Amino acid sequence: MMAEKNRKATLTIDGKSWELPMRAPTVGPEVVDIRKLYGDADVFTYDPGFTSTASCSSTITFIDGDKGELLYRGYPIEQLAEASHFLEVCFLLLYGDLPNAAQLEDFENRVTRHTMLHEQIQYFFRGFRRDAHPMATMVGVVGAMSAFYHDSIDVNDPWQREVAAIRMIAKLPTIAAWAYKYSIGEPFVYPRNDLDYASNFLRMCFAVPTEEYVVNPILSRAMDRIMTLHADHEQNASTSTVRLAGSSGANPFACIAAGIACLWGPAHGGANQACLEMLREIGSVERIPEFIARAKDKDDPFRLMGFGHRVYKNFDPRAKVMKQSADEVLGLLGFERNPLLRIAKELERIALEDDFFIDKKLYPNVDFYSGIIFEAMGFPTAMFTPIFAVSRTVGWISQWKEMIADKEQKIGRPRQLYVGAPRRDYVEIESRR
Ligand code: CMC
């Protein structure tokens, strides 16, 4: 529903008032435009964590946290997860509309033809310790891409921006798979153009030169769906990091490397690894109450990983699809009695009936079930967040491209509430106490 136009908010400080314009979204809450506030009223606003601050306008993704709704370019995530596939969703996010058949074919061709890495990049991988976390390798290799693809780092050239976008969507699976192969001491597997995006990724992770690798269609469909569910999520921490890095005019590879670094944290993309490690630590259904009690204890820093979300206060629609996928994949692979899945389901049941979690509106998020699926597929926990990074690359790039083309964007430069020492004079060392 369109909000009423030309509404204004009034800010009054010590009897003096300022009118602030309001901006109407297509859906969602109205926004008070405070851009001129400092110039006019000489005050800043204070909002660490951006809980009430829109950092940009965007046409890409919309979340209604109360309804538990997630839309990519207006399309509900459940419909896309069911009927679409990852590369079609990439086109949708990047260009704004679903492709027709010719557009999709052209896009798939372009992505497929960019999946190989510059051969010299291999040596970059080899510089890492074998026990490096694949996310560390990815931050390094993606950042280093700006030293390999000089013809797509001019952010002012729309064609170069387009080429950089396609390159990153195409090459991130190869980079993530090679980071994994390197960590287990197996040879790198080159991409194959006759496979779809998810199958190609699975093959690069699990094939070995000594035998033919046959992609399991159930697993590749599940991987494709997981990628779709993770593809974008409006102005989350890593996306905001990409936008902030990009706002200075930094090249796209450097910006995506910054996004990967931010995603790594356990409060964000690192939660899928942390969640599986937590389920392992719980170990049996009998121990769940002990961990629930710890999560409720204010003096214990422990949190239920895979629970809670800054925006979703009803349920995370991605978690619903993910739970269904977990049931399907584990059922089909004969893992339905997987002890971790039993613990996860029981933990979810107990937490959803507990007043603490109900009052704080804490529900399972996308990371709660994804790790169980990844584990059933044969991935080690360290690969969970890299898969998230591969999937989110299209979202980061779409948001970065939108920002570069947005005339209202400036270099990101927050202000602060300074609470340090006021001006004081330098004291020579002999005179200091
Ligand atoms: N377990 C126990 N208590 C929790 C949890 C949890 N997982 N999450 C939030 N709370 C409590 C928190 O202690 C606080 O209580 P109080 O008001 O008494 O201080 C209240 O709920 C609000 O928490 P908050 O930290 O102010 O909320 P936030 O919006 O800043 O944090 C979050 C959101 C996702 C970082 C947080 O819920 C969390 O740490 N969850 C676990 C990590 C996780 O699963 N992250 C994945 C998020 S979804 C995918 C992604 O974004 O990458």
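Just so you know, ligand 1 is whichever comes first in the structure, and atom 1 is the first atom listed for that ligand. All values below were derived from every heavy atom in this structure, side-chain atoms included, with hydrogens, water molecules and symmetry-related copies excluded. If you're wondering where the values come from, they're calculated on a predicted model, not measured in any experiment.
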Review point. Under 3.5 Å, N or O to N or O, is Val366 touching ligand 1 that way?
Key: no
Exercise for review: Provide the number and element of each atom of ligand 1 under 4.0 Å from a heavy atom of Phe388.
Suggested key: 52 (O)
Review point. What is the closest protein heavy atom to atom 47 (C) of ligand 1, and at what distance does it sit?
Key: Asn365 ND2, 3.6 Å
Check your understanding: Going by an N to O cut-off under 4.0 Å, is there a salt bridge joining Glu375 and Arg280?
Key -> yes
Exercise for review: Would you kindly specify which portion of His233 sits under 4.0 Å from ligand 1, judged on non-hydrogen atoms: side chain, backbone, both or neither?
Suggested key: neither
Revision key, fill the gap. Atom 50 (C) of ligand 1 has as its nearest protein heavy atom His268 ND1, 3.3 Å
Point to revise | Heavy-atom pair with the smallest gap, counting every atom of Phe201 and Met223 | key: CE2-CE, 4.0 Å
Practice item. Distance to 0.1 Å, residue and atom name: give those for the protein heavy atom nearest to atom 7 (N) of ligand 1. Key: Leu304 O, 2.7 Å
Check your understanding: With backbone taken as N, CA, C and O and side chain as the heavy atoms from C-beta onward, which portion of Thr51 lies under 4.0 Å from ligand 1: side chain, backbone, both, or neither?
Key -> neither
Check your understanding: Which residue from Leu362, Asp367, Asn272 reaches closest to atom 10 (N) of ligand 1 through any of its heavy atoms?
Key -> Leu362
Review point. Who's the nearest protein heavy-atom neighbour of atom 48 (S) of ligand 1, and how far?
Key: His309 CD2, 3.5 Å
Check your understanding: Does ligand 1 have any atom that is closer than 4.0 Å to a heavy atom of Lys296?
Key -> no
Check your understanding: Charged N to carboxylate O below 4.0 Å: is that the case for Glu408 and Arg23?
Key -> yes
Practice item. From the options Arg161, Gln160, Arg167, select the one residue that forms a side-chain hydrogen bond (donor to acceptor under 3.5 Å, both in side chains) with Ser152. Key: Arg167
Check your understanding: What is the closest protein heavy atom to atom 31 (O) of ligand 1, and at what distance does it sit?
Key -> Arg303 NH1, 4.3 Å
Practice item. May I ask you to say whether Arg318 pairs ionically with Asp367, meaning some side-chain N is under 4.0 Å from a carboxylate O? Key: no
Exercise for review: State, to 0.1 Å, how close Trp400 and Cys255 come at their nearest heavy-atom pair, and which atoms those are.
Suggested key: NE1-SG, 3.9 Å
Study note, to complete from the structure: Taking every heavy atom of Tyr149 against every heavy atom of His118, the minimum-distance pair comes out as OH-N, 2.9 Å
Check your understanding: Does the gap between the ring centers of Phe107 and Phe91 come in under 6.0 Å?
Key -> yes
Review point. Between Asp300 and Arg294, is the closest basic N to carboxylate O distance under 4.0 Å?
Key: yes
Study note, to complete from the structure: Of all protein heavy atoms, the one nearest atom 34 (C) of ligand 1 is Gly308 O, 3.7 Å
Review point. Salt bridge check: are Glu162 and Arg110 linked by an N-O gap of less than 4.0 Å?
Key: yes
Practice item. With heavy atoms of Gly269 as the reference, note each atom of ligand 1 found under 4.0 Å away. Key: 52 (O)
Revision key, fill the gap. Within 4.0 Å of some non-hydrogen atom of Ala271, the atoms of ligand 1 are 43 (C), 44 (O), 45 (N), 46 (C)
Check your understanding: Nearest protein heavy-atom contact for atom 33 (C) of ligand 1: which residue, which atom, what distance?
Key -> Arg310 N, 3.8 Å
Revision key, fill the gap. Near Gly306 (heavy-atom distance under 4.0 Å), the atoms of ligand 1 are 43 (C), 44 (O)
**Study point:** Residues Gln399 and Glu234: side-chain donor-acceptor under 3.5 angstrom
**Key:** no
Check your understanding: Nearest to atom 42 (C) of ligand 1, what protein heavy atom do you find, and at what distance?
Key -> Met305 CE, 3.4 Å
Practice item. Of the side chain and backbone of Lys360, name the one, both, or neither that has a heavy atom under 4.0 Å from an atom of ligand 1. Key: side chain
Check your understanding: For ligand 1, is there an N or O atom under 3.5 Å from any N or O atom of Phe307?
Key -> yes
Review point. Counting each atom of ligand 1 from 1 as listed, which ones have a heavy atom of Lys298 under 4.0 Å away?
Key: 16 (P), 18 (O), 19 (O)
